[in-house]
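All chains are named by letter (A, B, ...) in the order of the sequence lines, taking the proteins before the strands, and each is independently numbered beginning at 1.
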There are 2 protein chains.
Amino acid sequence: MSFAMQKQASTRPLLWKLDSIVSLSDEEKRALLDLPMTIKVFDPDSDIVRDGDRPSECCLVLSGFVCRYKVLSDGRRQIMGFYIPGDIPDLQSLHLNVMDHSIGTLVTSSIALIPHESLRNLLTQHPGLAAAFWRDTLIDAAMFREWMIGMGRRSAYQRIAHLLCELRVRLKAVGLAGEGGYDLPVTQNELGDALGLSTVHVNRVLQDLRSEGLIVLRGGSLHIPDWEALQVAGDFDPTYLHLRR
Amino acid sequence: MSFAMQKQASTRPLLWKLDSIVSLSDEEKRALLDLPMTIKVFDPDSDIVRDGDRPSECCLVLSGFVCRYKVLSDGRRQIMGFYIPGDIPDLQSLHLNVMDHSIGTLVTSSIALIPHESLRNLLTQHPGLAAAFWRDTLIDAAMFREWMIGMGRRSAYQRIAHLLCELRVRLKAVGLAGEGGYDLPVTQNELGDALGLSTVHVNRVLQDLRSEGLIVLRGGSLHIPDWEALQVAGDFDPTYLHLRR
DNA sequence: CGAAGGCTTGATAGACCTCAAACACAGTGG
DNA sequence: CCACTGTGTTTGAGGTCTATCAAGCCTTCG
């Protein structure tokens, strides 16, 4: 594959993603395609950006599965979000110099690194894109809020169901989930770190969800027999994702 | 007080707040002072913006104490943040049309309502201010993340101490907290809703904090005898607030 | 085939919740 | 001036959700 073709294929997830939350003009799409970027493949469980770093580039997920997390002083970990192809999890570093958490891969992932300078130029020349990216960070914040609600007020059962719903909707928006389900390359331990639960408890609740026929999960592949029922179980309402359709 | 003077006094908290997170030019400050706004006083426990609304203006807190919250389907409430003079809690409505939560007062509060249109004009004419406001929403998101960490991985004891630390730092940044402490017009019930705890448990933990000499709290007034110790108790590190100094 | 990582299960413990009631205090009205 | 009311705080008792510890199992992979 030629470099140009590779680049075009690379940027596609981002176009799909932005297209799911804003409407872009052809000119804006072209400008996005012209962004300079370096593509890098990361092994599973490796950091892309670390707590305390002062990044000079943003990372765009092209393939794989990435998470935002922080390790506490006592060594325990809190995962604060999962990121999928098309997402730019550290867009905030454009305006917040110091990272107050880390971003790392869950599985082998290919990541495009885009210099801050290029992004800044792009945004000053295309106010519509600036609005789009700002909106993207605001939706990120809305997801944080929804996770807060979950950890503050929802049971483990609801929380897990809710997360599985959120991932379905987001993956579907970028064409990575079919009607029936999607690939979920996340261990039960990682689910626990994301939801504020122990691995053991995650395992037990997953079994509950399975025995009630809400999910079929094996080998990193999730099947959802009854989408409506799972949404009810998770008290899930996709409004907070602010998708266009 | 003349209208002009009133307006100038009104915008001051905003200037202080923005000044604590970015550096503003004199021209930008002048432009902020020229923002048209309507000032309105809200009773305690009343909504400023409601879940589902499509606001056409943003609200700037001038005095009082405001919170961001959502009521779940079972009637329980999760408070997702406290907002103090100088904050614009629904800045996000500039780019997210539908509110996915509510914003309401805790005590009598005076609020300036600024039309979206005026803000949008301001931001296109002053890119520096656009960056400043974007940064403000990113810091908001950083606070959400920190609360997530608390609810996911910290004990009730740590969570309460952490919240008291956060409020001290933020209030201090706008000149509303002295060395020793600050006014905390928040009931134990509201603290519970914010931290994902029951009122009863909040009460018991507050007593623990008191008996260990970490806080002196009575009648809505908080005194912190040992700032260092409270930070340790709450595992508090102000980095996530991204203050300039 | 052994090692490693992830999944599953059992037993026990603890943090926090719920229910229920008493107490304190400020504001209101007679 | 004093009951009366309402809101917020405090205390007690019991229950439950979830964590922790510990071990066994299964699959994958070198």
Side-chain angles (χ1 to χ4, degrees), chain A residues 43-46 65 67 72 74-79 105-108 150-163 183-211 215-222 233 235, chain B residues 43-46 65 67 72 74-79 105-108 150-163 183-211 215-222 233 235:
Chain A
D43 284 335
D45 288 310
S46 52
F65 225 88
C67 75
L72 299 205
D74 64 358
R76 291 189 307 176
R77 177 172 72 156
Q78 176 69 47
I79 289 177
T105 59
L106 298 178
V107 296
T108 303
M151 294 202 281
R153 290 298 181 209
R154 287 199 260 256
S155 67
Y157 185 88
Q158 289 177 303
R159 257 181 274 181
I160 292 183
H162 194 281
L163 175 58
D183 286 338
L184 182 67
V186 180
T187 67
Q188 295 182 1
N189 184 27
E190 286 156 352
L191 283 178
D193 282 346
L195 298 166
L197 299 169
S198 69
T199 310
V200 172
H201 202 58
V202 168
N203 182 278
R204 295 194 161 117
V205 173
L206 281 176
Q207 288 177 54
D208 291 346
L209 286 166
R210 273 194 273 245
S211 72
I215 61 171
V216 180
L217 176 62
R218 43 169 220 282
S221 171
L222 175 71
D235 191 29
Chain B
D43 285 335
D45 290 309
S46 52
F65 226 89
C67 75
L72 299 204
D74 64 359
R76 292 188 307 176
R77 177 172 71 156
Q78 175 68 48
I79 290 179
T105 60
L106 298 178
V107 296
T108 304
M151 294 201 280
R153 292 296 182 211
R154 287 199 260 255
S155 69
Y157 185 87
Q158 288 177 304
R159 256 180 276 180
I160 293 183
H162 193 280
L163 175 58
D183 286 337
L184 182 68
V186 180
T187 68
Q188 295 182 3
N189 185 26
E190 287 156 350
L191 282 179
D193 282 347
L195 298 167
L197 300 169
S198 69
T199 310
V200 172
H201 202 59
V202 168
N203 182 279
R204 296 197 159 117
V205 173
L206 281 177
Q207 288 178 54
D208 291 346
L209 285 166
R210 275 194 272 245
S211 72
I215 61 170
V216 181
L217 176 61
R218 44 170 219 282
S221 171
L222 176 71
D235 192 26

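- Among V186(A), N203(A), I79(A), the single residue meeting the side chain to side chain contact (heavy atoms under 4.5 Å, CB included) criterion with L191(A) is V186(A).
- In this structure, L197(B) reaches the sugar-phosphate backbone alone: every heavy-atom distance under 4.0 Å involves primed, P, OP1 or OP2 atoms, never a base.
- Residues of residues 151-161 of chain B having a heavy atom closer than 4.0 Å to DNA chain D: none are found.
- Think of the region where chain A sits on DNA chain D: with heavy atoms and a 4.0 Å cut, that region ends 5' and 3' at dT18(D) to dC21(D).
- With contacts defined as side-chain heavy-atom distances shorter than 4.5 Å, the pair C67(B)/L106(B) qualifies.
- Contact annotation for G196(A): backbone-only contact, meaning every heavy-atom pair under 4.0 Å involves sugar-phosphate atoms and none involves a base.
- For residues 185-200 of chain A, every residue pair satisfying the salt bridge (charged side-chain N to carboxylate O under 4.0 Å, His left out) rule, not counting sequence neighbours, is listed here: R77(A)-D193(A), D193(A)-R153(B).
- Applying the salt bridge (Lys or Arg N to Asp or Glu O under 4.0 Å) rule to R210(B) yields no partners; only residues at least two apart in sequence or on another chain are considered.
- T199(A) places no side-chain N or O within 3.5 Å of a backbone atom of Q188(A) that could act as its donor or acceptor partner.
- With sequence neighbours excluded, the residues satisfying side-chain contact (heavy atoms from CB on, under 4.5 Å) with P44(B) are T108(B).
- Legend: residues meeting side chain to side chain donor-acceptor pair (under 3.5 Å) with D208(A), ordered by chain and number and at least two apart, are absent.
- The salt bridge (Lys or Arg N to Asp or Glu O under 4.0 Å) test applied to D43(B) returns no partner, not counting sequence neighbours.
- Partners of R154(B) by side chain to side chain donor-acceptor pair (under 3.5 Å), not counting sequence neighbours, listed by chain and number: E146(B), H162(B), D235(B).
- Looking at Q158(A), its side chain never comes within 3.5 Å of a backbone N or O of A233(A) through a donor-acceptor pair.
- Remark on DNA chain D: of its neighbouring residues V200(B) and E190(B), the 5'-side contact belongs to E190(B), judged by nearest-heavy-atom nucleotide.
- Heavy atoms of T187(A) sit under 4.0 angstrom from primed sugar atoms or phosphate atoms, though from no base atom.
- Chain A approaches DNA chain C over the interval dG6(C) to dA11(C), counting the first and last nucleotide 5' to 3' with an atom under 4.0 Å from its heavy atoms.
- Judged as a side-chain contact (heavy atoms from CB on, under 4.5 Å), and not counting sequence neighbours, the contacts of V200(B) are S198(B), R204(B).
- Note that the CG atom of L222(A) and the CG atom of D183(A) stand 9.5 Å from one another [nearest 0.5 Å].
- Residues satisfying the side chain to side chain donor-acceptor pair (under 3.5 Å) test with S221(A), not counting sequence neighbours, are none.
- Comparing the axis of the opening five pairs of the helix from dC1(C)-dG30(D) to dG30(C)-dC1(D) with that of the closing five pairs yields an angle of 30°, rounded to 10°.
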